[in-house]
Amino acid sequence: LNKLYFVTDNIGYMVSSAYRSWMGYALGSSVYRNYSRDFEKLLKTTDGGQTWTSKADVEFPPTGSRDYSLPNFELIPFIYFLNENEGWINKLQQAGENRWGTPIYIARWCKTNDGGSTFTNMNYDWKPKKMQFVDQSTGFCLADNNKIYKSTDRGNNWNLIKEGDAYDGLHFLNSNYGFIVGGNGLIYKTTNGGNSWASQYSGSQKGFSSIYLVNENIAYAAGSGIA
């Protein structure tokens with residue numbers, strides 16, 4: 001288990017780990033790799049977690065296959081659902097073959113509109129780390145390229161609203177008011193939906209990994225080694 005997300009009291013999604021340690025060796029033109037954890041699955045429950053069914057079996061490596069290349073094997077585990085049917089995950093997909101005919105797998109960001117039965121690729125060169133929608137249209141995303149993006153059309157299109165630092169967490173009260181946090185005590189605040197940002201003094205040089213806003217006056221930030 002790596003990520004767990006419930007959209008109602010009864011309907012939830014769970015994704016297994018996608019991090020893998022490996023050992024490899026070459027034999028002729030083939031590359032063989034052994035993974036300590038070699039699968040990832042998306043599971044869905046409709047009864048509050050009593051039972052789970054597989055919605056997207058993306059087992060890796062493919063059954064019966066030992067010969068493959070995985071240049072980007074450290075996939076960021078991610079899952080977020082806007083509602084019962086619309087959601088996003090990061091998963092591994094075959095992207096072609098190398099010059100020896102070995103399948104190449106890469107990490108892709110995918111969206112489902114049918115509760116995880118099928119997925120389509122998002123055509124962006126970044127992948128989400130954290131995401132939050134404040135309503136059924138407006139969402140904010142912290143990406144693996146240390147940039148912040150915003151969508152106003154249910155996550156179909158994303159526009160850059162912040163870059164330049166190492167960000168690790170975000171939280172919005174509504175479509176206008178939100179915070180992002182990161183390394184070295186970094187905190188930024190917006191009151192206009194990300195059109196502009198103001199640096200906030202945290203009093204800490206440690207990194208923040210998450211933030212939660214109770215209201216416009218009270219917020220909690222957490223991280224490693226913060227005193």
E163 and N146: CA distance, side-chain angles, deciding distance, side-chain hydrogen bond (donor to acceptor under 3.5 Å, both in side chains) verdict: CA-CA 7 Å; E163 61 180 330; N146 284 321; over 6 Å; no
Are [X] and [Y] in one and the same hydrophobic cluster, where Ile, Leu, Val, Met, Phe, Trp and Tyr link if side-chain heavy atoms are under 4.5 Å apart?
X: V134; Y: I161; answer: yes
X: V181; Y: Y167; answer: no
X: Y124; Y: I148; answer: no
X: F119; Y: M131; answer: yes
X: I187; Y: F172; answer: no

Quick check for you: to the nearest 0.5 Å, what is the distance between [X] atom [atom1] and [Y] atom [atom2]?
X: L173; Y: L213; atom1: CG; atom2: CG; result: 4.5 Å
X: N184; Y: D165; atom1: CG; atom2: CG; result: 9.5 Å
X: W158; Y: C141; atom1: CH2; atom2: SG; result: 5.0 Å
X: S137; Y: D153; atom1: OG; atom2: CG; result: 8.0 Å
X: K127; Y: I89; atom1: NZ; atom2: CD1; result: 13.5 Å
X: L186; Y: S199; atom1: CG; atom2: OG; result: 6.5 Å

Are the side chain of [X] and the backbone N or O of [Y] linked by a donor-acceptor pair below 3.5 Å?
X: T190; Y: S196; answer: yes
X: N174; Y: N176; answer: yes
X: Y220; Y: V214; answer: no
X: N145; Y: K147; answer: yes
X: Q200; Y: K189; answer: no
X: S151; Y: N157; answer: yes

Hey, does P128 have a side-chain heavy atom less than 4.5 Å from the side chain of Y80? no
Counting C-beta onward and ignoring hydrogens, is there a side-chain heavy-atom pair between E84 and T8 closer than 4.5 Å? no
I need the minimum non-hydrogen distance between [X] and [Y], along with the two atoms involved.
X: W52; Y: G12; result: CZ3-O, 3.7 Å
X: L170; Y: I211; result: C-CG2, 3.9 Å
X: L4; Y: F6; result: CD1-CE1, 3.9 Å
X: L82; Y: D135; result: CD1-O, 3.7 Å
X: K150; Y: S175; result: NZ-O, 4.1 Å
X: T45; Y: T51; result: OG1-O, 2.8 Å

Can you see whether F78 has K130 sitting over its ring - NZ or CZ less than 6.0 Å from the centre and within 45° of the normal? no
Could you go step by step and tell me if N156 and K111 meet the side-chain hydrogen bond (donor to acceptor under 3.5 Å, both in side chains) rule? CA-CA 9 Å; N156 293 309; K111 182 181 181 181; 3.0 Å; yes
More than 12 heavy atoms of other residues, nucleotides or ligands under 6.0 Å from CG of N123: is that the case? no
Test ring-ring contact (aromatic ring centres under 6.0 Å, His included) on Y149 and W126 and set out the steps. CA-CA 10 Å; Y149 296 86; W126 50 269; 4.1 Å; yes
Is the F133 ring parallel, tilted or perpendicular to the W88 ring (thresholds 30°, 60°)? parallel
Quick one: do D144 and K129 make a salt bridge, cutoff under 4.0 Å? no
[Y] ring center within less than 6.0 Å of [X] ring center:
X: H171; Y: Y212; result: yes
X: F81; Y: Y13; result: yes
X: F179; Y: Y188; result: no

What verdict does the side-chain hydrogen bond (donor to acceptor under 3.5 Å, both in side chains) test give for D114 and T112, after you've listed the backbone C-alpha separation in whole Å, the side-chain angles of each residue and the deciding distance to 0.1 Å? CA-CA 6 Å; D114 55 14; T112 180; 2.8 Å; yes
